[in-house]
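What follows is a short report on a single structure.
Heavy atoms only: backbone and side chains are in, while hydrogens, waters and symmetry mates are out.
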Amino acid sequence: MILLDGKKTSNDIKQEIAEKVAELKKHGKKTPHLAAVIVGSNGASVTYVNAKVKACEKVGFDSTLIQLPADVSEVELLKKIDALNNDDNIDGFIVQLPLPKHINEHKITLAINPAKDVDGFHPENLGRMVLDLPGFLPATPYGIVQLLDRYEIETSGKNCVVIGRSHIVGSPMSILMARNTKVGNCTVTLTHSRTKNLEEITRKADIIIVALGKTEFLTGDMVKEGVVVVDVGITRVEDASKKSGFRLLGDVNFEEVSKKASHITPVPGGVGPMTIASLLMNTLQAVDLK
Ligand code: GUN
């Protein structure tokens with residue numbers, strides 16, 4: 001079994017980006033600048049956003065963290081987005097999800113200038129992805145593609161099963177794996193909560209990407225020998241023995257599935273760091289769009 005090491009791969013990508021940034025600076029070009037907006041103080045979201053800002057520092061980007069209170073109005077948030085859209089110093093920005101219930105996420109996503117939408121969530125970027133046009137790919141699916149690419153996983157003609165149809169992971173992932181690209185050309189099955197006989201489908205899969213947010217959902221009896229497994233889940237579960245008071249669990253029962261898999265991502269240290277690497281790649285690309 002080979003571990004798909006997202007931490008190492010993301011560090012390799014960061015190193016490559018850092019070299020490109022140094023080159024930009026040497027030639028007197030603008031330093032890429034990413035802004036991240038966070039609303040409220042959800043523990044996991046704060047951790048993710050801080051990790052994104054730290055990654056910017058590591059590669060030599062400028063970064064701006066904008067923290068808004070949980071009760072900020074939708075209008076105020078839209079005003080902030082408008083300011084970021086019109087700030088020439090900001091190359092790309094993200095609004096960390098989920099947002100509080102009183103704010104309409106779709107409205108927020110639509111308000112982001114697609115040329116600065118480095119999370120790749122805007123309908124224009126999702127449409128570009130479907131049409132094979134240049135644009136920003138959604139950060140987590142893009143990170144998974146990079147990981148499969150760097151480990152030289154053969155995908156062409158394989159059966160790929162995606163579990164979960166979220167707008168930010170499952171749905172775009174299913175589209176990317178079916179595209180006529182190096183990582184792609186799979187026969188994709190997108191499964192979800194209404195899927196019948198899921199185990200029959202997963203047992204035929206060569207590649208399984210699990211993104212439904214249910215801890216240890218994919219078990220050993222659901223997969224065949226030699227399967228490639230990518231675990232997008234990252235749920236905090238209480239654990240008094242940990243200093244933080246919690247540990248992180250994925251959507252895959254790692255103990256069982258790793259015994260049968262040819263390749264598998266760990267949690268943590270798998271997909272999470274790759275999402276950040278993609279965000280940095282997208283931000284570098286955003287500089288050229290301006
Ligand atoms: N919430 C969970 N994943 C993501 C992500 O990739 N980007 C943003 N903005 N919010 C998220």
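Residues H102 and V72 share a closest heavy-atom pair of NE2-O, 2.7 Å. Among all heavy-atom pairs drawn from I90 and K116, the shortest one is O-NZ, 3.0 Å. Closest approach of A286 and A115 over heavy atoms only: CB-O, 4.2 Å. Contact detail for V287 and P32: the closest heavy-atom pair is CG2-CB, 3.7 Å. Nearest heavy-atom pair across P69 and V39 is O-CG1, 3.5 Å. Nearest approach of K30 to N89, heavy atoms of both residues: NZ-O, 2.9 Å.
Counting non-hydrogen atoms of neighbouring residues, nucleotides and ligands closer than 6.0 angstrom, the NZ atom of K29 reaches no more than 12 such neighbours. The local environment of NE2 in H106 is sparse, with at most 12 non-hydrogen atoms from other residues, nucleotides or ligands closer than 6.0 Å.
Linking Ile, Leu, Val, Met, Phe, Trp and Tyr whenever their side-chain heavy atoms come within less than 4.5 Å leaves V53 and L280 in two separate clusters. Residues V49 and I108 do not share a hydrophobic cluster, clusters being chains of Ile/Leu/Val/Met/Phe/Trp/Tyr side chains in contact below 4.5 Å. Under a hydrophobic-cluster definition in which Ile, Leu, Val, Met, Phe, Trp and Tyr are linked whenever side-chain heavy atoms come within less than 4.5 Å, directly or via other members, L78 and L84 are assigned to the same cluster. Under a hydrophobic clustering in which Ile, Leu, Val, Met, Phe, Trp and Tyr are joined whenever their side-chain heavy atoms come within less than 4.5 Å, directly or via other members, V46 and V37 fall into different clusters. By the criterion of side-chain heavy atoms lying less than 4.5 angstrom apart, applied directly or through intervening Ile, Leu, Val, Met, Phe, Trp or Tyr residues, V169 is grouped together with L97 in one hydrophobic cluster.
Residue T109 holds its OG1 atom at 7.5 Å from CG of L99, rounded to the nearest 0.5 Å. Note: E154 CD to E152 CD = 10.0 Å, rounded to the nearest 0.5 Å. The distance from the CD1 atom of I2 to the OG atom of S258 is 13.5 Å, given to the nearest 0.5 Å. A distance of 12.0 Å separates CG of N113 from CG of D87, quoted to the nearest 0.5 Å. Atoms CG and CG, from D231 and D251 in turn, are 5.0 Å apart once rounded to the nearest 0.5 Å. The CG atom of L148 sits 6.0 Å away from atom CD1 of I153, with the distance rounded to the nearest 0.5 Å.
Listed by first and then second residue, the side-chain hydrogen bond (donor to acceptor under 3.5 Å, both in side chains) pairs involving residues 217-226 are D206-K224, T219-D221 (not counting sequence neighbours). Residue pairs meeting the side-chain hydrogen bond (donor to acceptor under 3.5 Å, both in side chains) criterion with at least one partner in residues 130-147, sequence neighbours excluded, are T140-T275. Counting only residues at least two apart or in different chains, salt bridge (Lys or Arg N to Asp or Glu O under 4.0 Å) contacts with residues 34-54 are absent. Sorted by first then second residue, the salt bridge (Lys or Arg N to Asp or Glu O under 4.0 Å) pairs that include residues 3-17, not counting sequence neighbours, are K8-D12, E16-R150. Contacts classified as salt bridge (Lys or Arg N to Asp or Glu O under 4.0 Å) and involving residues 257-276 (residues at least two apart or in different chains) are given here: E255-K259. Judged as a side-chain hydrogen bond (donor to acceptor under 3.5 Å, both in side chains), the pairs with a partner in residues 158-184 (not counting sequence neighbours) are, in order, D149-K182, R165-H192, N180-N185.
Applying the 4.5 Å side-chain rule to ILVMFWY residues, one finds Y48, I234, F246, L248 in the same cluster as V267. The hydrophobic cluster around F254 extends to M1, L3, V161, I163, L198, I201, I208, V210, L212, F217, L218, M222, V223, V227, V229, V252, V257, I264, counting ILVMFWY residues whose side-chain heavy atoms fall within less than 4.5 Å of a member. Annotation for V237: hydrophobic cluster partners, listed by chain and number, are L249 (ILVMFWY side-chain heavy atoms under 4.5 Å, direct or chained).
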ask   = Given the rule in the salt bridge (Lys or Arg N to Asp or Glu O under 4.0 Å) test, do K79 and E76 qualify, once you have shown the distances and angles that lead to the verdict?
value = CA-CA 5 Å; K79 268 193 209 157; E76 277 305 311; 3.4 Å; yes
ask   = For K80 and I66, what are the C-alpha separation, side-chain angles and deciding distance, and is it a side-chain contact (heavy atoms from CB on, under 4.5 Å)?
value = CA-CA 9 Å; K80 192 76 231 174; I66 298 155; 4.0 Å; yes
key: Intermediate values then yes/no, side-chain contact (heavy atoms from CB on, under 4.5 Å), L137 and V145   = CA-CA 10 Å; L137 295 178; V145 167; over 6 Å; no
request  = Run the numbers on L110 and H122 for side-chain contact (heavy atoms from CB on, under 4.5 Å), then give the verdict.
outcome  = CA-CA 6 Å; L110 271 171; H122 190 283; 4.1 Å; yes
Stepwise side-chain contact (heavy atoms from CB on, under 4.5 Å) test for V188 and V162 = CA-CA 7 Å; V188 178; V162 179; 4.3 Å; yes
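Inspection of the S63 and H33 side chains reveals no N or O donor paired with an N or O acceptor under 3.5 Å. If you check the side chains of T235 and R247, you find no donor sitting under 3.5 Å from an acceptor.
Using a 4.5 Å heavy-atom threshold, the side chains of D119 and F93 count as separate. Side-chain atoms of M129 and N125, non-hydrogen and from C-beta on, never get closer than 4.5 Å to each other. The shortest side-chain heavy-atom distance between T31 and L24 does not fall under the 4.5 Å cut-off. At least one side-chain heavy atom of T191 sits under 4.5 Å from a side-chain heavy atom of T189. A 4.5 Å side-chain heavy-atom check between V228 and S262 finds at least one atom pair inside the cut-off. The closest side-chain heavy-atom distance from T64 to D62 is not below 4.5 Å. The shortest distance between side-chain heavy atoms of I144 and T265 does not fall below 4.5 Å. For the pair I112 and F121, the minimum side-chain heavy-atom distance is 4.5 Å or more.
Looking at residues two or more places apart in sequence or on another chain, you find a salt bridge (Lys or Arg N to Asp or Glu O under 4.0 Å) between E124 and R128. Residues satisfying the salt bridge (Lys or Arg N to Asp or Glu O under 4.0 Å) criterion with E19, sequence neighbours excluded, are absent altogether. Judged as a salt bridge (Lys or Arg N to Asp or Glu O under 4.0 Å), and not counting sequence neighbours, the contacts of E74 are K107.
Here the side chain of E256 pairs a donor or acceptor atom with the backbone of G220 at under 3.5 angstrom. Remark: side-chain polar atoms of S45 are not paired, donor with acceptor, to backbone N or O of S41 under 3.5 angstrom. Between the side chain of N86 and the backbone N or O of D82, at least one donor-acceptor pair lies under 3.5 Å.
For the pairing with L34, the side chain to side chain contact (heavy atoms under 4.5 Å, CB included) check across D91, N282, L279 returns one residue only, L279.
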